[in-house]
Each structure stands twice: as C-alpha cells, then as structure tokens.
Number of protein chains: 2
Amino acid sequence: MATIYQVSEAAGVSLATVSRVMNGNAKVSERTRKKVESAMASLGYQPNAIAQSLASNRTNSVGLLVSELHGSYFGDLMSTVENVLKRNGKHVIITAGHVDEKREHEAIEFLKSRRCDALILHAEAVSDDYLKKLVNSKVPVVVINRKVDELEQNCFVVDNVKGGYLATKAAIDAGHKNIAYISGPLFKKDASDRLAGHKKALEEAGLTFDSNSTFEGDFHESSGQEGMQHLQATFPDFTALVCANDEMASGAMTAAREAGFDIPSKLSIVGFDNVLFSRYLYPKLTTINNPIHAMGEMAAHWVLEHVYDIKSPVPIEHLFVPEVVDRDTLGTL
Amino acid sequence: MATIYQVSEAAGVSLATVSRVMNGNAKVSERTRKKVESAMASLGYQPNAIAQSLASNRTNSVGLLVSELHGSYFGDLMSTVENVLKRNGKHVIITAGHVDEKREHEAIEFLKSRRCDALILHAEAVSDDYLKKLVNSKVPVVVINRKVDELEQNCFVVDNVKGGYLATKAAIDAGHKNIAYISGPLFKKDASDRLAGHKKALEEAGLTFDSNSTFEGDFHESSGQEGMQHLQATFPDFTALVCANDEMASGAMTAAREAGFDIPSKLSIVGFDNVLFSRYLYPKLTTINNPIHAMGEMAAHWVLEHVYDIKSPVPIEHLFVPEVVDRDTLGTL
DNA sequence: CTACTCAATGTAAGCGCTTACAAAATATCG
DNA sequence: CGATATTTTGTAAGCGCTTACATTGAGTAG
C-alpha cells in the first residue's frame, strides 16, 4: 500500500505538497498538481484515513447509535442519515445499543473512541444525566426520538402525545366508543406519551378511561398477539384497538383473525409509526405517520451545519408532528 | 481528553507500561498495574482508537458492505454479523452500495481507506474481476450471496438453484400444473439461478416451460404487483405463483386480492427468503428459507478465524441449503 | 540593478499510540 | 554472597499523515 512518502518521491515534491493536492486547499501550481496526481494514479495511492484522522483530528465520520440493526424503523433511520451525510462527503459509523444501558453505553464509548466528529443517538436505555454529560463534553451530540430537559436544542422528537391523541381521535371520529389500547413499555417516554395522548382523546370525547382497556406490550409483534388475547378477557366488547406501534398492531391483527374477528368490520385497528411493512399488511394498516425520515434528515443536517459548517438547506426544526395515515383497518361504526 | 502520556505521568510510569496494561499482553507487576489503572480511572482515560490503529496497523474493525441499510434481508445480515463479531471484541463498519457499480466501488474503497482488518461484502454490482483483484490484494475478503469462480473459499452462498427448484416442486407436489413465476432481475446471478431451479422442477415433472408464464421483476414489492397483473394477461389459468423473493410475493398477494383471488383457495403463492415479515403477512407466506443468518454467522467466523486467529466454533461451510417453510399460502389442488 | 512582495514549495514538529530493544530490578542457585 | 537468569520497566523510533513556519524564486517597482 503506497504511502504519501512514495508519492512525493515519485512526483519529485515534498510530502506537504502531496498533502496539499490531496486536500485541495492550499495553492499548488497547475504543473506540480498534475505531476502529483499522475504519481498518485500510477501508484494506486489511497490515503490512509486513519493517519489523516490522527493528524488532522478530524475523522469525517459521524457515529450513529440505533437500538437494532434490523427492523423497519431503524432501517429507515440509518438509510436516511447515511444518505444525507454521504451526499456531503461524510461517513456514518453505525452501532447497536439493543435497548440495554450497558450496551448502549459501550456503543457510545466505542463511537467516541473512534473519534467520530459527532454522534447521532437513538438512545433508549441510557440515563438523561449521562446524555447531559455527553452533550457538555467536547463531542457534538444529537438525540433522536427522546426529549431531554435542558437539551432541547439537541433533540429531535415527534410529538408522541399528539400522535397517540390522533390515533384514538380517529377511532372516536369513526364512531367507536369502546376503544382498547396496547401500549409500549411504559418506562419509555414515547410509550407513555402515546398513552397520554390516547387518554386525552378519550377524555375530550367524554369517554372514561378504563384501566382494563389497556395492555402493556413491549413494542414487538408477539406482545400484540398477547395483548389482543388479554384484552378480550379484560375488556370485551371493544370495537377498536389502538396500538402503540405497527409491529404490535400486526400481531394483534393476527390474533384477531385467529379469534374470528374480521378487520375492520368487527374490529378496527390503528397502529403507530407507519413503518414500511404496514402497507403490506392485509388489510393495509391505518396508522400514525412517525416522520422518522424527516427527523433523520434533520439530525444529519444539524450535524453538517454545526460540525462541518455546511449550511442546512432547510430550517432546523426540533419537533415533528405526526399525522393519520388512513388505510383499511379503521371502519366506521 | 486525556492521553496516554498524562496517564503515564499520573501513574509515575512510562508510556510503554501504560500501553502494556491497556493491552493486557506483556507482564506488568500487579502493583504497577493497579497504579496505572487507578490513574486511568481518575483521568477518565479512553484510548484513542485512531492512534492505536495507526501504531498497531490493526483496527479491530471489519467492514461490511450491504446493498441497502433497510429491508429485512440486510437487517438480518447486519445484525447477525455484528453480533458475532462484537461478541469477540471486533467492530463492524457498515456501508451501503445501493446495487450500483460506482457506489459499491466507492463503499469498498472507503472501507479499505478506513483500514478495516477484513471485508464482508454483499456486493451485487461490482465485477467478478474487481472482486478477484480485491481478494488477491492484502485485505482479507469474504463475499456473501455470490459465487465467484476461483474464489470459492471466500464465498458464502445459498444454493439458489435448489431453492428455486424446491419452491416450484412444492407447488407441483401440491397438485399444481399451471405455475407462473415472477423472477428477480436476471442479470443477477441469484435471480437467474432461482429461475433455473424453477425450470428444472417443471421439467422433472414433465411440465413444459412457457415463456409467457414468467415475469421479470426487480425484487421489490411493486414489481410483484405488476407481475401479477401482467401474468393474468399473458398466462391466465395459473393456479400457483412462485416468486423469487418475499417482497414480490407480498406485492403479488396484494394484487391478487385486488383482482378477487382468494389465497390460497384460488391462487397459491410461494415466496423466497423467509424474511421476517413473511410471517406477518396474511395469509402467512409459504416460502423458501434463505439461511442468511447462518451465512452471516459463517462469514463472521471465517473472518475471526482467518484474521484474528479466533477458532470458529463450527466448521466453516460455504454452501448453504435452502428449505421449504410451509405456511398458509400454498393450497393443494 | 536592488529591494521588496507574494505565491509556491519545503522542513520538521507533532497527532497518540505500539513495540523492538536496552536497562534496571528482582529472583535463583551454587 | 556474587554471578546469572528472569522479570519488569523505560527509551526511542516509528505508523502516515497535517500544518505552522521557513525558504525559495519569480515578479514588480523604484
């Protein structure tokens, strides 16, 4: 593997000059630039990014922490972030935290040890305090899908309360009065916010909230099935079921079908997130759009602007509004 | 950010000693190890991975190229690879090639410039020659889902011909005689292999292959819908439809439903890959298991064994056999 | 022709580590 | 107890770049 030194020799110039043409910054005469470039080409020279980073204290890479490497939600997030960053010549280093405090912590430390120029975190398990400390350290950080007090400027979140509200409101508007709810794990802020929105919509419509109408799931498919089964016992007669995400809605649909409910004639279902596969489901899932794409883009632009001085083409927003995606699983009563 | 130098000062030892306790390799007396460790702790020292890499010529990271960062298939692959590598203290740097020769090439060059210790490539667009050159250069490379002549030892593939054969055979065994097929883009080896398997099964059963019975899709959902519509015109009366992947099968199911076909009573459908969501579909998709999980694991173990001298717990295999996953979309005639 | 600019290039000191090799400290043994 | 083997520690030379500063060499004005 050729080094800059060999290039400089071949081109008959100094290291500094080669470095200059590589970085295109300083003024190099056309003649020597040509010489250097042809030397590079003939040696198949490829700069050593590691050495560049060490010397320049810039890695041109931003760390991205997600909970999992699979799943539609994270797939969308990773894709979006990578796209806008790559378009600007920056690279993404992705790690997974698996919603586990220790592993998230390690993942973040890993990204820091790789000297990422900035971090984009979808951190679910790590404490607010840790995040605050992180933000106050040297490395620029943005947090996705989590609002931390005092860190508003670094957070990009969807209005989960509103989303939860809209989901249930849609069911109410369709004439439903007995509405069951499968929540996410309530220690997670987004899950509890969505539930809060659900309650708000009920209240506003003069419906009373019955604690038997709710099942606490874990955001995974299977807990949607469990929830459906559980709710049939604790809260029979519900005509609509709102789920805190699409995975659980899918599970609930399966369970409902097995229990002989036709969707949506006998049971309406509303999801949340609008992940890609929600549209492949049958019937196509009515859900709440979670603008993960927009948030990822915004987070990436924030980084470009704050770290690399590349102005964002769009104004930086921190709060995103969810919307109802009306498809086929919500029937009028 | 503390450096090794500051640690060495605080502990009253030399750089080398600090380095030694960090790497745990050389013999350091218990006493000085303690001193160094407490100095590290009190300084919050975190080694600079970049500097370590430059000095040691080891990055402890392996590059992973996938076509996309989203999608079940790649999600599974990334997860699996990351899991086994992380378990062994290695890190994964993920990039996307987007099935475009130029972008794949760039992505690989990026991984090389980051001095990854090894590369795991799901490369679809780059030429065989390029891959051969790559393998013959310094960096250890493994290729997933693509068999390159002369590079058998570096390739991990599923037997696509057999998979295609099994899918169609399953339909034949269920009594179907008019079997349509939606293939992937035929310039891709896996797509053409699967189609070859399909033809082989037909032939073996004494059924003649009618070119009107086939539609060339692009492996995406929407081309499944198109394919279904197209085939109704060119090859009416088919009772079973075999699709070269699950996404297209899902699209075909949607189109079939819209056209009023009940699945599986009026139309049977068989997919390929057994991605996660195939089980969420309604009816649950009968498909061919593509052991992407196993391949990812194997690729990771190959790297651990060949690059890091960590013996693989399982014998290294290069060819994986697909199997039928019998669910609800294949009906007997 | 000399003095002075200013652009183009070179020199060399790091960046934070690893690791041969050398030196010092300690253990072993007759 | 001294000589030798062995363990522990230190010294210093890189790894492949970037970049502040120094140098060179034209070009320009007087």
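Numbers restart at 1 for each chain; the letters A, B, ... are given by sequence-line order, proteins then strands.
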Legend entry - B:E68: salt bridge (charged side-chain N to carboxylate O under 4.0 Å, His left out) partners, not counting sequence neighbours: none

Legend entry - B:E109: salt bridge (charged side-chain N to carboxylate O under 4.0 Å, His left out) partners, not counting sequence neighbours: B:K112

Inset, instruction - Would you mind reading off the bend of the helix from C:dC1-D:dG30 to C:dG30-D:dC1 from its two end axes, five pairs each, to 10 degrees? - result: 50°

Legend entry - B:T80 and B:E297 side chains, donor-acceptor separation under 3.5 Å: no

Legend entry - Within residues 27-38 of chain A: residues closer than 4.0 Å to DNA chain C (heavy atoms): A:K27, A:V28, A:S29, A:T32

Inset, instruction - Quick one: list whatever passes ring-ring contact (aromatic ring centres under 6.0 Å, His included) with B:H220, sequence neighbours left out. - result: none

Legend entry - salt bridge (charged side-chain N to carboxylate O under 4.0 Å, His left out) involving B:D100 - partner list, sequence neighbours excluded: none

Inset, instruction - Kindly state each residue pair satisfying ring pair (Phe, Tyr, Trp, His ring centres under 6.0 Å) with at least one member in residues 23-68 of chain B, sequence neighbours excluded. - result: none

Inset, instruction - With sequence neighbours excluded, give me every ring pair (Phe, Tyr, Trp, His ring centres under 6.0 Å) pair touching residues 78-101 of chain A. - result: A:H91-B:F110

Inset, instruction - Can you check each nucleotide of nucleotides 14-27 of chain C against protein heavy atoms at under 4.0 Å and return B for base, S for sugar-phosphate only, - for none, in 5' to 3' order? - result: BBBBSBB-------

Legend entry - Residues that B:S14 engages under side chain to side chain contact (heavy atoms under 4.5 Å, CB included), provided they are two or more places apart: B:A16, B:T17

Inset, instruction - Check salt bridge (charged side-chain N to carboxylate O under 4.0 Å, His left out) between A:E152 and all other residues, then give those that pass, not counting sequence neighbours. - result: none

Legend entry - Non-neighbouring partners of A:N48 that pass side chain to side chain contact (heavy atoms under 4.5 Å, CB included), sequence neighbours left out: A:I50, A:A51, B:L54, B:R115

